[in-house]
Amino acid sequence: MNDLPKAYDPKNVEDDISRAWEASGYFNPDTLPIPKNAEAFSIVLPPPTVTSTLHLGHAMYVIEDVMIRHARMQGKRTLWLPGMDHAAIATQNKVERIVWDKEKKTRHDLGREELIRRIDAFVADSRSTITNQLKKMGFSLDWSRERFTLDPAISRAVQKMFVDMHTDGLIYRGSRIVNWCPRCQSTLADDEVEYKEERTPFYYFKYGPFSIATVRPETKIGDKVVIVHPKDKRYTKYHGKTFPLPWIDGDIEARVIADEASDPELGSGAMTITPAHSFVDFELAKKYGIEIENIIGQDGRLTNAAGKYAGLTTQEARKKFVEILQKKGLVEKIDENYTHNLTVCYRCGTAVEPLVSPQWFVDVNKPVVTWKGVKKSLKDVAIEVVKSGDIEIIPDRFEKTYFQWIENLHDWCISRQLWYGHRIPVWYCVGDEHEGAVCKLECRQPVVQTDHPIECRYCGSKNLRQDPDTLDTWFSSGMWTFTTLGWPEKTRDLKTFHPTNVLETGYDILFFWVARMILMTTYATGEVPFRTVYLHGLVRDKEGRKMSKSLGNIIDPLDMSAKYGTDALRLALMTGTTPGNDVNLYEEKIAGYRNFVNKFWNIARFILTTVETPRYVDTMPTLATDADRWIISRLHETTRGVNKLMDKYQYGLAIEKLYRFTWNDLADWYLEIAKVERPVIASEAKQSPLLLFILQNLLKLWHPYAPFITEHVYQMLNGHPKNMLMIETWPNEKTTQTTFAHESERAILAMQDIVNAIREKRSWLAIPYTTTLELSGKMGKAKGLEHLIEHFGKVKMVKKPQGKTLALTNGLSLSGFTGVNFEKEHAKTKKELKNLEGYITGLAKKLANEKFTSNAPKNIIEQERAKLEAATERVKDLKNKLKQLT
RNA sequence: GGGUCUGUAGCUCAGUUGGUUAGAGCGCACGAUUCACAUUCGUGAGGUCAGAGGUUCAACUCCUCUCAGGCCCACCA
């Protein structure tokens, strides 16, 4: 044991430990040595997307590893299931960009099959990188159950889900206005668009008797309806009227409709509507039966509806139309200083074009989901499961945000015009191509089924074409908790591990993902997907900024792990934050925990090299000294506190508590005391079972947070009951329960007070370190610990002090000073006395106040009284000291 | 516009059912250091807990308002 390195070197340890863990099979609940009836505990890893390698955001998975390791040590049948998400739009974009950069080819040049082949190769590559990264972080994932959202089994489940939902009328095809990205050539969900402030000319046109304003003249060519507010008196006379007017492409006729959608305060109070390219206008058009026609096509150019202007880009058309209107004298005003929010694609930043197209939707309002025996809509179930407490969201303030979002939920557009992803299981008959077939009207009906149909069920044609679109990524990830466990088969895993216990993820995907999982899972399984949703914050830099490439403030988790060790990184991520709050991470913080890990290493090293045989001590040894009883009491209190905090998901605080105990109590005091006392207690000198007992408990308590170093040290002990720390029994209060006299604890505390006071005097009065001072007076509660005080305070106990004395505390005095200027001390003492007297007056007043004594609980009154007593005692000391100093 | 979070020592943050003369780490200053650890040890200086009211015997903690920042949602012709 003497060859242990002075400094902990994580590099040499982590890989070995990782390999040993994996070889053990303990990450897999099937090969975990636990009783058959052990309680199950499961978490499904929020699947990282395969677009890139892991960043610090993913390192937050460490919270899940802590939960999992904790549960495993509590003897539960523990499963943490890994997987990755194909992230259709992001991945396809990425690969398309790579192909374009390298070969100047578009996806259409490659064709569907070739593009998919390229994507698959890219994905295989990034999957293996991600896997290695996850392993490097020490995550105890069961890799034997790894899933990918495009696995054949998952695909079948997704298609079955689609068909089931379609059968139940929850999925329908409809023409609706959608966000269209002309660059990605796909629809975007409401939450896949972003807004960017943009300065743009704001045009005012003369439209018959009205003045209308717009930033998008190119869409206005077909407008034939004016909306005014019903209560706007200026326009009452026009309600329901039609009128002719000169417009972009010749004269047209327009009509006026009164509707509250128009805001009289805004502009002229009159607006024309463009049904196909504005969400508000689309709703109005449906309400009043106005013809809905796309002016702009999916390629971002004007359609045939624009007549001779068809084919112009929106920019060209804008310029052209303004010119035309100007010539006709219809431009009233152009406001150049107008800013508005431009809608852009969250992936590529291209301006989104709202347009109308046929898409597949999930109906969130149709009451066809049976939940607890009642038919409800997806929306209602999603609200109910949280209201009823079937799902708990931590921190609970997010429940409010959740409700608000669900309540405003519209039907969910699930079709995407992408090639990468789950193909929509729908076929259309194109059957009139074979001889003799008579394609009836019904053939236009889509055939919805999981397998490729052999022939059209209406006309018998064998010429069927599958819907070219794929499903929104969130459709498949919404099913993640149960498809990964084998659904729709009634597997043992599904029975054992579903619902999962916790979903731990960032609050930024509460809507994207969490809400969708709740919708999909309750419908498919009749169960909630998870009992608890734990939301963590985002990882930011020291200034609280998001980490991004452009800011250059990105911290790579693997760099940090290589530089400071994975345990240090894990600790830095888990502390200084509470659930739902963002965590600021910076290198100094990680370095701080590297120092701690090294401290831990040296504590272990000290204990291991002190004892004759470093063995595992299971039961609490006899406690021989006051210090023994004190440290065990502290260990007990720490264990209890940590357990309590972990039950409440307060991991940051639990770490802090452990940290205090380990460094401040154990290392700074107890080990130092042990150096003094152990050699005296001869029988235990070489054994130090208590040190080993404490070490054993610490290893367990720290293991979920710092798994590598703890496992490494555990492996150095002889006679440990389990072959690995990761399956050791979690310490509970009984482990450290003691029946010792509290006097022991108080004695040590008093000793610490005295030593601290002496140290302070030494430092404050600049007494040379080599000077040995004399201590005299009654030891009070610290009686019997004189030897420790002498050792730590570097003092000599004397009965009769020589020369000048200085009152210290608790009636003790210091003497033996040489060449000390007491003026500083005098001034300080006076100041302290003054403060103290104010404090005492306050306390006395409080205690004399009848309202206080009659209202406050007894223990508080007792506490205040004790404070007063202590303060009064202290005043006596200080007065005494002043007398001596003058 | 609607919602929500944050504002505590120079910096980053704790402080969970209201009861300490308000805490930690880092940084800073001073002092130590062959004996587990300089990735160390000891000591110290720093805060009217954003501001103003209110409830209470008692408020960093609860309520109202104001100020300053962040985020989410909705987006207007």
Side-chain angles (χ1 to χ4, degrees), chain A residues 4 6-8 190-191 195 202 212-216 220 227 261-263 266-274 278-281 340-341 343 395 397-398 400-401 404-405 408 507-508 510-511 537-538 540 542-545 564 568 575-578 580-586 588-589 591-610 645 648 650 652-653 656 659-660 664 667-668 671-672 675 755-756 759-764 766-770 792 835-836 838-840 842-843 846 849-857 859-861 863-864 867 871:
Chain A
L4 296 179
K6 277 180 118 171
Y8 175 64
D190 289 347
D191 39 23
Y195 298 91
F202 193 42
I212 59 159
T214 183
V215 293
R216 306 204 55 196
K220 293 289 164 197
I227 303 283
S262 178
D263 179 354
L266 214 90
S268 65
M271 64 176 186
T272 61
I273 65 170
T274 313
S278 152
F279 284 83
V280 176
D281 293 3
H340 78 140
N341 278 333
T343 314
R397 67 182 134 92
F398 281 104
K400 215 169 177 177
T401 346
Q404 209 185 333
W405 188 81
N408 293 318
Y507 63 73
D508 52 330
L510 177 63
F511 306 135
L538 274 32
R540 295 169 178 280
K542 191 164 186 177
E543 277 81 46
R545 298 173 307 178
Y564 300 106
T575 50
T577 180
T578 36
N581 283 352
D582 292 350
V583 47
N584 293 6
L585 192 77
Y586 41 95
E588 299 94 298
K589 187 175 176 186
Y593 282 101
R594 184 267 321 263
N595 294 357
F596 172 76
V597 171
N598 188 59
K599 185 74 182 180
F600 189 91
W601 170 248
N602 273 290
I603 289 169
R605 183 164 162 251
F606 172 73
I607 296 175
L608 296 179
T609 50
T610 300
L645 287 165
K648 288 193 286 182
Q650 299 279 3
L653 292 180
E656 231 173 89
Y659 184 102
R660 292 270 159 66
N664 303 346
D668 290 347
L671 293 188
E672 294 305 322
K675 283 180 195 168
V755 170
N756 284 339
R759 283 170 172 173
E760 193 224 312
K761 287 300 157 243
R762 280 182 168 285
S763 180
W764 168 249
I767 295 164
Y769 191 76
T770 44
F792 294 119
N835 282 346
L836 209 54
Y839 176 53
I840 287 178
L843 280 175
K846 198 179 203 179
N849 186 350
E850 207 186 306
K851 278 183 183 166
F852 173 70
T853 46
S854 56
N855 283 317
N859 61 320
I860 297 294
I861 298 171
Q863 194 181 300
E864 297 299 303
K867 278 186 209 164

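Convention: sequence-line order gives letters A, B, ...; per-chain numbering from 1. These numbers were taken from a predicted model, which means no experiment stands behind them.
- Nucleic acid contact for A/Thr401: none, since no nucleic acid atom lies under 4.0 Å from a heavy atom of the residue.
- For the C1' atoms, the distance linking B/U8 with B/U20 amounts to 15 Å, nearest Å.
- Between the C1' atom of B/A36 and the CZ atom of A/Phe606 lies a distance of 6 Å, rounded to the nearest Å.
- If you check B/U6 for Watson-Crick or wobble pairing at under 3.5 angstrom, you find it paired to B/A68.
- When distances run from any side-chain atom of A/Ser763 to the nucleotides B/U21, B/C30, B/A14, the shortest one goes to B/C30.
- Atom pair A/Glu588:CD and B/G27:C1' shows a separation of 10 Å (rounding to whole Å applied).
- Only the P atoms considered, B/A24 is 23 Å distant from B/G31, to the nearest whole Å.
- Taking atom CZ on A/Phe600 and atom C1' on B/A36, their separation rounds to 13 Å, with Å as the unit.
- Among the nucleotides B/C5, B/A24, B/A77, the one closest to the side chain of A/Arg660 is B/A24.
- In this structure, A/Gly537 reaches neither bases nor backbone, as no heavy-atom distance under 4.0 Å exists between it and the strands shown.
- Base pairing analysis places B/G53 opposite B/C63; the two distances defining the Watson-Crick or G-U wobble pair are each below 3.5 Å.
- Look at the C1' atom in both B/C41 and B/U34: the space between them is 14 Å, to the nearest Å.
- B/G42 and B/U4: their C1' atoms are spaced 46 Å apart (whole Å).
- Straight-line distance from the CZ atom of A/Arg762 to the C1' atom of B/G31: 11 Å, rounded to whole Å.
- A/Lys846 comes within contact range of no nucleotide atom at all, as no heavy-atom separation falls under 4.0 Å.
- With sequence neighbours excluded, the residues forming a salt bridge (charged side-chain N to carboxylate O under 4.0 Å, His left out) with A/Glu864 are A/Lys846, A/Lys867, listed by chain and number.
- On the C1' atoms, B/U12 is 16 Å away from B/G46, given to the nearest whole Å.
- Dashed line: the shortest gap from a side-chain N or O of A/Asn595 to OP1 or OP2 of B/U40 is under 4.0 Å.
- Of all nucleotides listed (B/A36, B/G19, B/C71), B/G19 comes nearest to the side chain of A/Pro857.
- In a base pair of the Watson-Crick type (N1 to N3 plus N6-O4 or O6-N4) or a G-U wobble (N1-O2 and O6-N3), with each distance short of 3.5 Å, B/G1 is matched with B/C73.
- For B/C57, one of the phosphate oxygens OP1 or OP2 lies less than 4.0 angstrom from a side-chain nitrogen or oxygen of A/Asn855.
- Rounded to the nearest Å, the gap between the C1' atom of B/C71 and that of B/A45 is 37 Å.
- Using C1' as the reference atom, B/A14 and B/G47 are 15 Å apart when rounded to the nearest Å.
- Using a 4.0 Å heavy-atom cutoff across all strands shown, A/Pro768 reaches no nucleic acid atom at all.
- Put simply, A/Lys589 has no side-chain N or O that comes within less than 4.0 Å of OP1 or OP2 on B/U12.
- When heavy atoms are screened at a 4.0 angstrom cut-off, A/Tyr839 is found touching base atoms of the nucleic acid.
- Residue A/Thr853 is out of contact with every strand shown, counting any heavy-atom pair closer than 4.0 Å.
- The side chain of A/Arg397 has B/U4 as its nearest neighbour among B/U4, B/C57, B/G44.
- B/G25 and B/G70 have their C1' atoms separated by 24 Å, with the value rounded to a whole Å.
- Within 4.0 Å (heavy atoms only), A/Asp668 reaches sugar-phosphate atoms of the nucleic acid but no base atom.
- The partner of B/G42 is B/C30, by the rule that a Watson-Crick or G-U pair needs both atom distances under 3.5 Å.
- For the residue pair A/Tyr659 / A/Thr575, no side-chain donor-acceptor distance below 3.5 Å is found, with atom types taken as modelled.
- Considering only side-chain N and O atoms, A/Lys599 lies nowhere under 4.0 angstrom from the phosphate OP1 or OP2 of B/C37.
- Between A/Ile767 atom CD1 and B/U43 atom C1' there is a gap of 12 Å when expressed in whole angstrom units.
- Distances shown here put a side-chain N or O of A/Lys867 below 4.0 Å from the OP1 or OP2 atom of B/U21.
- The CZ-C1' distance, from A/Phe279 to B/A77, rounds to 15 Å in whole Å.
- Between B/U39, B/A36, B/C57, one nucleotide has an atom nearer to the side chain of A/Ala7 than all others, and that is B/U39.
- Summarising the geometry, the separation between CG on A/Leu538 and P on B/C5 is reported as 17 Å, rounded to the nearest angstrom.
- Between A/Thr578 and B/A14, a side-chain N or O to OP1/OP2 separation shorter than 4.0 Å is present.
- Under the 30°/60° scheme for interplanar angles, the aromatic rings of A/Tyr8 and A/Trp601 are found to be tilted.
- Between the base of B/A36 and the side chain of A/Glu672 there is a donor-acceptor pair shorter than 3.5 Å.
- B/A24 and B/U12 make up a base pair, with Watson-Crick or G-U wobble contacts both under 3.5 Å.
- Using a 4.0 Å heavy-atom cutoff across all strands shown, A/Arg759 reaches sugar-phosphate atoms only and no base atom.
- Straight-line distance from the CH2 atom of A/Trp764 to the P atom of B/A45: 8 Å, rounded to whole Å.
- Distances shown here put a side-chain N or O of A/Asn756 below 4.0 Å from the OP1 or OP2 atom of B/U43.
- Nucleic acid contact class of A/Gly592 (heavy atoms, under 4.0 Å, all strands): none.
- With its glycosidic angle more than 90° from 0, B/G23 is assigned anti.
- Counting any heavy atom pair closer than 4.0 Å across all strands shown, A/Lys675 reaches a base atom.
- Checked by atom type, the side-chain pair A/Tyr507/A/Asp582 shows a donor-acceptor distance below 3.5 Å.
- Using a 4.0 Å heavy-atom distance criterion, A/Ala766 is classed as making no nucleic acid contact.
- Closest to the side chain of A/Lys400, from the set B/U4, B/A36, B/U12, is B/U4.
- You'll find a donor-acceptor pair under 3.5 Å spanning the side chain of A/Gln650 and the base of B/U16, going by distance alone.
- As judged by a 4.0 angstrom heavy-atom cut-off over every strand, A/Ile607 is placed among residues making no nucleic acid contact.
- Taking the side chain of A/Arg540 as heavy atoms from C-beta on, and the options B/U43, B/A14, B/C71, the nearest nucleotide is B/C71.
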